[in-house]
Amino acid sequence: QVQLVESGGGLVQAGGSLRLSCAASGFTFSLYGMGWFRQAPGKEREFLGDISRSGGVTDYADSVKGRFTISRDNSKKTMYLQMNSLKPEDTAVYYCARMTGPLRRGTNEYDYWGQGTQVTVSS
């Protein structure tokens, strides 16, 4: 019954922006930390960033820090990924995922994943 659905992907020119959404259902959204990942063709899945239950703490991979921003609206049970200054190397399928509980220091594990949304950045 837990479900995560990404949306907002598409084709954008280098330097442009997109905002992705991750709509959650089937669980108490505010009790779980969340994360964003991506996977480009021929590459391993890459961690992008995460967000605490209340949205008060966020962490980002160096590759996207300063360009991407994660936020959440617990009343709407939705997490967002604002992507600015997009580069061709950002082309990938983007996934949201649910942590096994609240965000903690150290390694966080994820137990549910969305199906992904395609982001293509042209040069």
Side-chain angles (χ1 to χ4, degrees):
Q1 186 170 189
V2 171
Q3 188 167 241
L4 302 172
V5 180
E6 302 94 338
S7 62
L11 175 64
V12 64
Q13 294 227 44
S17 298
L18 282 174
R19 189 174 83 153
L20 307 184
S21 297
C22 171
S25 61
F27 66 100
T28 305
F29 183 65
S30 62
L31 295 182
Y32 293 85
M34 300 286 294
W36 283 102
F37 297 77
R38 69 186 180 190
Q39 189 166 24
K43 295 186 178 293
E44 294 186 336
R45 195 189 305 272
E46 176 188 12
F47 169 78
L48 299 176
D50 55 31
I51 188 167
S52 61
R53 292 172 295 171
S54 68
V57 177
T58 54
D59 304 287
Y60 300 95
D62 288 342
S63 60
V64 303
K65 190 172 297 183
R67 298 189 298 124
F68 290 12
T69 303
I70 298 170
S71 60
R72 66 192 294 165
D73 184 339
N74 286 343
S75 70
K76 297 180 179 179
K77 301 184 71 173
T78 302
M79 176 178 64
Y80 305 96
L81 179 65
Q82 177 67 48
M83 305 186 294
N84 298 325
S85 302
L86 284 163
K87 307 172 181 179
E89 51 262 46
D90 293 319
T91 296
V93 177
Y94 284 69
Y95 300 90
C96 66
R98 188 187 82 167
M99 292 183 186
T100 56
L103 187 152
R104 303 186 298 171
R105 295 184 183 274
T107 301
N108 288 279
E109 300 293 332
Y110 297 84
D111 56 6
Y112 286 92
W113 299 76
Q115 292 299 304
T117 186
Q118 176 71 48
V119 172
T120 303
V121 184
S122 63
S123 58

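Worth saying up front: this structure is predicted, and the values here are computed from it rather than measured.
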Any residue meeting side chain to side chain donor-acceptor pair (under 3.5 Å) with S30, in chain and number order, not counting sequence neighbours: none
Among all residues two or more places apart in sequence or in another chain, which pass the side-chain contact (heavy atoms from CB on, under 4.5 Å) test with E109? T100, T107
For residues 68-77, the side-chain hydrogen bond (donor to acceptor under 3.5 Å, both in side chains) pairs (sequence neighbours left out) are R72-N74, D73-S75
L103: which other cluster members, linking ILVMFWY side chains closer than 4.5 Å, directly or transitively? F37, F47, V93, Y95, M99, Y110, W113
What pairs with V5 under side-chain contact (heavy atoms from CB on, under 4.5 Å), at least two apart in sequence or on another chain? Q3
Residues in salt bridge (Lys or Arg N to Asp or Glu O under 4.0 Å) contact with R45, at least two apart in sequence or another chain: none
Does E46 have any side chain to side chain donor-acceptor pair (under 3.5 Å) partners at least two apart in sequence or in another chain, and if so, which? R38, S63
What residues form a side-chain contact (heavy atoms from CB on, under 4.5 Å) with P88, not counting sequence neighbours? A14, V121, S123
Apply the hydrophobic cluster definition, ILVMFWY joined by side-chain contacts under 4.5 Å directly or through others, and give me every member besides Y80. none
Does anything in residues 13-35 form a ring-ring contact (aromatic ring centres under 6.0 Å, His included)? List the pairs, not counting sequence neighbours. F27-Y32
Which residue pairs satisfy the ring-ring contact (aromatic ring centres under 6.0 Å, His included) criterion with at least one member in residues 4-25, sequence neighbours excluded? none
Once side-chain contact (heavy atoms from CB on, under 4.5 Å) is applied, do any residues pair with S7, and if so which ones, sequence neighbours excluded? S21
